Amino acid sequence: MRKQIAAANWKMNLTYQNGEKLLDDILDANIKLSSHQLAIFAVPYPYLIMTRSEVEDEKNYYAAAQNCHHKRSGAYTGEVSADMLHSIGINYCVVGHSERREYNGETNAMLADKVNLCYENNIIPVFCCGEPLAIREEGTQNSYVAAQLRESLFHLPAEKIKEIIIAYEPIWAIGTGKTATTEQAQEIHHFLRTVIADQYSESVADDIPILYGGSVKANNAKELFSCPDVDGGLVGGASLVAEDFIEIIKALK
Ligand code: PGA
């Protein structure tokens with residue numbers, strides 16, 4: 001079975017102490033993950049080492065960075081490279097979240113560079129795609145997200161892209177409480193899988209987990225994750241509340 005993943009995205013929330021308490025509370029629930037299930041915590045940079053050591057003894061729990069820089073190293077004050085993440089034992093990194101695309105001007109071409117640097121450093125990218133409201137209203141979301149994949153990922157050889165995690169996050173559903181319906185989620189996830197199959201092969205497309213993000217909550221996770229092409233979620237707001245994220249992990253197929 002393809003990997004099923006509950007990924008928390010804390011964004012710029014929580015103090016170190018509150019983050020540590022949140023992780024303790026979630027781990028105290030003692031949810032044993034099967035070999036195909038993963039729980040990933042994308043935390044602020046200063047909490048990465050703490051998070052990594054909190055989850056170290058738990059099977060299939062991982063720490064992730066929320067971003068890395070698109071250059072290898074150099075005079076980029078305040079930035080963090082994929083190589084630095086690797087050097088502290090981080091194996092996952094969110095790439096191309098819509099908030100970074102919007103507020104930090106990240107382009108598909110820059111994201112292709114980030115993805116390459118992740119792979120060079122044995123870091124699995126959690127690559128985000130998704131359309132703004134205007135595109136959804138126009139009905140052109142499929143070609144919009146297909147272009148995001150094509151321009152940032154399709155230079156990768158099959159053996160590399162097979163390792164990736166994709167998160168489809170419609171921007172109009174992020175932090176708005178407005179979730180895509182299960183039909184909308186299934187439809188576009190299935191579409192993304194066919195785009196990957198056309199470029200690579202069915203077997204590559206079948207292996208790649210595609211997470212849904214955008215107002216995933218404890219009370220809608222099970223329904224969303226029940227869609228055949230939805231392989232878990234990338235969760236913002238609800239990942240900040242232990243009981244909610246526990247339910248979301250439990251909702252994995
Ligand atoms: P949300 O955020 O769950 O708060 O909508 C999701 C995300 O931005 O990854």
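Order of appearance sets the numbers: ligands from 1, and atoms from 1 within every ligand. These numbers come from a predicted model, not from an experiment.
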Within 6.0 angstrom of E223 CD, more than 12 heavy atoms from elsewhere = no
inquiry  = In terms of relative ring orientation, are H69 and Y76 parallel, tilted or perpendicular, with 30° and 60° separating the classes?
reply    = tilted
ask   = If you count only heavy atoms, which residues are under 4.0 Å from ligand 1?
value = N9, K11, H97, E169, A173, I174, G175, G214, S215, L234, V235, G236, G237
request  = Measure up the Y61 and F41 rings against each other and bin them: parallel (under 30°), tilted (30 to 60°), perpendicular (over 60°).
outcome  = parallel
request  = State, yes or no, whether a side-chain contact exists between I166 and L153 at a heavy-atom distance under 4.5 Å.
outcome  = yes
query = Do Y168 and F191 make the cut of ring centroids closer than 6.0 angstrom?
reply = no
key: For R101, all residues meeting salt bridge (charged side-chain N to carboxylate O under 4.0 Å, His left out), sequence neighbours excluded   = none
